[in-house]
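Just so it is clear, the model here is predicted, and its values are computed rather than measured.
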Amino acid sequence: HAHAGLTFLELVNANYESVISFGSKVISSDSNYEFDRDNTINAASVLNTVAEAHYYLNQISDAFEISRFGEKFCNSHKCN
């Protein structure tokens with residue numbers, strides 16, 4: 001759960017490379033991730049956050065591909 005939490009915190013702090021790194025760890029360890037105390041924090045929300053980080057880094061095609069293909073993109077590209 002720590003990596004998922006750090007994914008969102010790093011977005012707030014504008015540490016976009018860290019968002020991608022932590023988010024990738026969450027998805028690679030559990031592609032069906034869901035926080036047991038709040039089911040809105042899940043693989044989809046992590047992937048959306050990773051896509052947003054790519055967007056802010058001006059990696060628009062990666063952001064688009066993540067939003068379109070999600071986990072499949074991350075598995076083949078490590079989300080970075």
Side-chain angles (χ1 to χ4, degrees):
H1 297 303
H3 287 139
L6 289 169
T7 300
F8 299 109
L9 286 174
E10 291 300 292
L11 184 66
V12 171
N13 292 320
N15 293 325
Y16 306 122
E17 291 88 1
S18 293
V19 170
I20 295 166
S21 176
F22 288 125
S24 297
K25 290 176 185 176
V26 171
I27 299 304
S28 66
S29 68
D30 183 0
S31 62
N32 295 311
Y33 176 79
E34 187 174 287
F35 186 54
D36 55 358
R37 295 182 184 179
D38 181 352
N39 65 3
T40 64
I41 301 171
N42 54 31
S45 64
V46 170
L47 285 169
N48 286 336
T49 302
V50 170
E52 190 173 350
H54 277 289
Y55 176 83
Y56 288 133
L57 290 170
N58 204 30
Q59 299 167 349
I60 307 305
S61 62
D62 285 342
F64 173 75
E65 293 297 316
I66 291 169
S67 66
R68 187 168 176 210
F69 297 110
E71 177 194 347
K72 292 176 188 171
F73 176 86
C74 286
N75 288 340
S76 63
H77 294 84
K78 304 268 190 242
C79 286
N80 58 21

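With sequence neighbours left out, the side chain to side chain contact (heavy atoms under 4.5 Å, CB included) criterion links Glu34 to Asn39, Asn42. Partners of Phe8 by ring-ring contact (aromatic ring centres under 6.0 Å, His included), not counting sequence neighbours: none found. Among residues two or more places apart in sequence or in another chain, the side-chain hydrogen bond (donor to acceptor under 3.5 Å, both in side chains) test is passed with Asn15 by Glu10. Among residues two or more places apart in sequence or in another chain, the ring-ring contact (aromatic ring centres under 6.0 Å, His included) test is passed with Tyr56 by Tyr16. Looking at residues two or more places apart in sequence or on another chain, you find a side-chain hydrogen bond (donor to acceptor under 3.5 Å, both in side chains) between Asp38 and Thr40.
A pairwise comparison of heavy atoms in Tyr55 and Ala63 identifies N-CB, 3.8 Å as the closest pair. Ser31 and Ala43 make their closest contact through O-CB, 3.4 Å (heavy atoms, listed as atom of the first residue, atom of the second, distance).
Of the possible polar contacts, one joining the Ser24 side chain to the Ile20 backbone as a donor-acceptor pair under 3.5 Å is found. Formation of a donor-acceptor pair under 3.5 Å by the Thr7 side chain with backbone atoms of His3 is found in this model.
If you chain together hydrophobic residues whose side chains sit under 4.5 Å apart, Val19 and Ile27 fall into the same group. Phe22 and Leu11 are not part of a single hydrophobic cluster, where members link through side-chain heavy atoms under 4.5 Å apart. Connection of Ile60 to Leu47 is established within a shared hydrophobic cluster, with ILVMFWY side chains joined at heavy-atom distances below 4.5 Å, either directly or through further cluster members. Hydrophobic clustering (side-chain heavy atoms under 4.5 Å, transitive across Ile, Leu, Val, Met, Phe, Trp, Tyr) keeps Leu57 apart from Leu6.
Distance CG/Asn13 to OG/Ser18: 9.0 Å, rounded to 0.5 Å.
Contact annotation: the side chain of His54 never approaches that of Phe64 to less than 4.5 Å [non-hydrogen atoms, C-beta and beyond].
When each of Val26, Asp36, Ile41 is paired with His1, the side-chain contact (heavy atoms from CB on, under 4.5 Å) condition holds for Asp36 and for no other.
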